[in-house]
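Structure, as structure tokens:
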Amino acid sequence: MERPLLMLPLDAQRDELLNKVSQKGGFAYVALIMLAATGDVHSAEAAHDMAWEQLHSAPWHSVEPVWRDAYSLSCLHMASFHHHAGKEEDALRVLDMGLIMGGPLLRPDLNSAISFIQGERNSTNNDSEGAEVFVGAESDDSGIQEAVKAEETDLENISDLSHCSKHSHVSCGPLPHKRIGLWLKEGATSLKKHSSNREKHKLTDLDMSNQQGRPSEMHTGSCFSKVLWGLPHRSFCFKFIEKRHLLSLEDFLCNFFLPGFPVIISGAISHWPAMEKWKDMDYLKRTVGNRTVPVEVGQHYLDAEWKQELITISELLERIQSKEQMPKRLTYLAQHPLFDQISQLHGDILVPDYCTASNGKLRAVNAWFGPAGTVTPLHQDPPHNLLAQVSIESLF
């Protein structure tokens, strides 16, 4: 049976976008898109290639925003033709590319098209097999199993959150198990530093630092001292990171956030709906396995052979599960707005109340997903961060 074309943006919205593209000199693109709207697949392919080339014509921050929206529109046209031809996987891939590389204007249309295709597949599978296929966010009947592996202590099956102030980025080293990491980046605010209750944190200044956490005068003539002077305030003042169970918001604000001290919080997200879901490989493959995501290949981004690829989540799971992964072939989804791209997973997490500490506004919710052995080189993030680390060792 011949399938209908996907619903495309309203004429008024499309015409406004095409007018902006024309103002940027994209007359050929506009002509091709108009032909694509009449059912010309070759014109749709040419417009898609043209928009792709525009995205790579300059550094990403220099690309005209209108061309990102133009790329999204071309992705919608290509997805419509793929769907009409019964090529669901190709349609989903091009729609994901629109979400990853495109602009914000047509994001709702891209998401609607994805939901339509997945809903259609769900209906087909139910009719033919009578099997339940999870295509929406399942948010009411399960939770999340979180684990933070600190040093060599096995803390499996404990829900943890790590907070790092904007003045110090603390790394606990690579986790020994497969895991999903979720950064919750708060909006940075200029808060006055408090020094009360320091005795509770058992802080120790190193010999090379004075009471202000800066290099002492005996080092000020060396190159090493110049490096130290460039480090954030109190960078050398933490002998260890305190761990607290179910830390109250008031305690977090007064004793950690305002003074700028890092802390590991256990038990804070054990109620998340993903507790059992993300341990089930079939759930992940069923729900998001055919979705395309950007991944990093290599042990870390400073490695000479490090590269990026676009693969499906099913392929990512297979690579992580493989026992033949070498350091140069480690595959890692890193710092990607996964929950904005894939709404089915968004209902599996909840934003912790601690994020309200910085005026209640999140800058980003990003996901990391990879095997043991992946490394992030030491660095400093300007905003405050909350990291939720999810152990899914039982998945494999």
Side-chain angles (χ1 to χ4, degrees), residues 3-18 20-21 26 29-30 32-34 36-37 39 41 43-56 60 63-123 134-137 287-295 310-314 333 336-348 364-367:
R3 299 186 177 192
L5 293 174
L6 294 176
M7 183 178 296
L8 296 176
L10 298 177
D11 289 342
Q13 186 181 33
R14 184 194 62 182
D15 291 346
E16 182 180 358
L17 172 58
L18 295 181
K20 292 180 179 179
V21 173
Y29 171 88
V30 172
L32 290 169
I33 282 292
M34 297 302 291
V41 62
S43 294
E45 292 172 348
H48 187 255
D49 291 342
M50 187 176 296
W52 177 261
E53 291 175 1
Q54 286 294 327
L55 295 184
H56 294 81
W60 183 251
V63 175
E64 291 286 349
V66 68
W67 278 111
R68 299 178 190 175
D69 291 324
Y71 179 72
S72 297
L73 179 59
S74 70
C75 288
L76 283 165
H77 277 284
M78 289 301 301
S80 180
F81 287 115
H82 285 319
H83 177 262
H84 184 65
K87 300 177 180 178
E88 291 184 355
E89 300 299 330
D90 291 338
L92 285 174
R93 179 177 176 81
V94 76
L95 290 170
D96 273 325
M97 290 300 298
L99 290 172
I100 295 170
M101 302 292 291
L105 178 64
L106 301 179
R107 180 172 286 269
D109 299 275
L110 293 166
N111 283 322
S112 295
I114 289 172
S115 297
F116 177 80
I117 292 174
Q118 292 186 322
E120 191 177 57
R121 173 182 294 179
N122 185 26
S123 176
F134 296 97
V135 178
T287 308
V288 297
N290 54 6
R291 302 297 299 274
T292 299
V293 292
V295 297
L310 290 164
I311 62 176
T312 64
I313 290 182
S314 287
L333 185 150
H336 179 60
L338 183 67
F339 305 100
D340 289 337
Q341 178 191 347
I342 304 178
S343 59
Q344 290 95 327
L345 292 179
H346 197 279
D348 292 347
V365 180
N366 292 323

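We number each residue from 1, following the sequence as shown. Just so it is clear, the structure is predicted and the values come from calculations on it, not from any experiment.
- Here CD1 of Ile114 is found 3.5 Å from CZ of Arg291. Values are rounded to the nearest 0.5 Å.
- Distance check, rounded to the nearest 0.5 Å: CD1 of Ile313 to CG of Leu333 gives 7.0 Å.
- Under the 4.5 Å side-chain criterion, counting only non-hydrogen atoms from C-beta, Cys75 is not in contact with Asp96.
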### Task
For side-chain contact (heavy atoms from CB on, under 4.5 Å), just list the numbers for Met97 and Tyr71, CA-CA rounded to whole Å, side-chain angles, deciding distance to a tenth of an Å, and then say yes or no.
CA-CA 9 Å; Met97 290 300 298; Tyr71 179 72; 3.5 Å; yes
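- For the pair Asp69 and Pro104, the tightest heavy-atom approach, listed with the atom from each and the gap, is OD1-N, 3.4 Å.
- The CG atom of Leu99 sits 9.5 Å away from the CG atom of Asp340 when rounded to the nearest 0.5 Å.
- Among the candidates Leu105, Asp109, Leu110, Leu17, the single residue satisfying the side-chain contact (heavy atoms from CB on, under 4.5 Å) test with Leu73 is Leu17.
- Side-chain atoms of Ser115 come within 3.5 Å of backbone atoms of Asn111 as a donor-acceptor pair (strictly under, hydrogens ignored).
- Rounded to the nearest 0.5 Å, atoms CE (Met78) and CG (Leu95) are 10.5 Å apart.
- Taking the six-membered ring where the residue is Trp, the centroids of His48 and Trp52 are separated by 6.0 Å or more.
- Listed here is the closest heavy atom pair of Ile100 and Pro294: CD1-CD, 3.8 Å.
- Side chains of Val365 and His346 form no contact here, defined as non-hydrogen atoms less than 4.5 Å apart.
- Scanning both residues, Ser74 and Ile33, for their nearest heavy atoms gives CA-CD1, 4.3 Å.
- With contacts defined as side-chain heavy-atom distances shorter than 4.5 Å, the pair Leu18/Met34 qualifies.
- Minimum interatomic distance between Gly102 and Ser72 (heavy atoms only, all atoms of both residues): CA-OG, 3.2 Å.
- In this structure, CG on Leu92 lies 5.5 Å from CD on Gln118, to the nearest 0.5 angstrom.
- Under the 3.5 Å distance criterion, the side-chain polar atoms of Ser43 are left unmatched by any main-chain donor or acceptor of Ala36.
- A distance-only check finds a donor-acceptor pair linking the side chain of Gln341 to the backbone of Thr292 [under 3.5 Å].
- Residues passing the ring-ring contact (aromatic ring centres under 6.0 Å, His included) test with Tyr29, sequence neighbours excluded: Trp67.
- Across all their heavy atoms, Leu76 and Ala113 have their closest contact at CD2-CB, 4.3 Å.
- Heavy-atom contacts from other residues, nucleotides or ligands closer than 6.0 Å to CD of Glu89 number more than 12.
- With values rounded to the nearest 0.5 angstrom, Leu55 atom CG is found 5.5 Å from Met101 atom CE.
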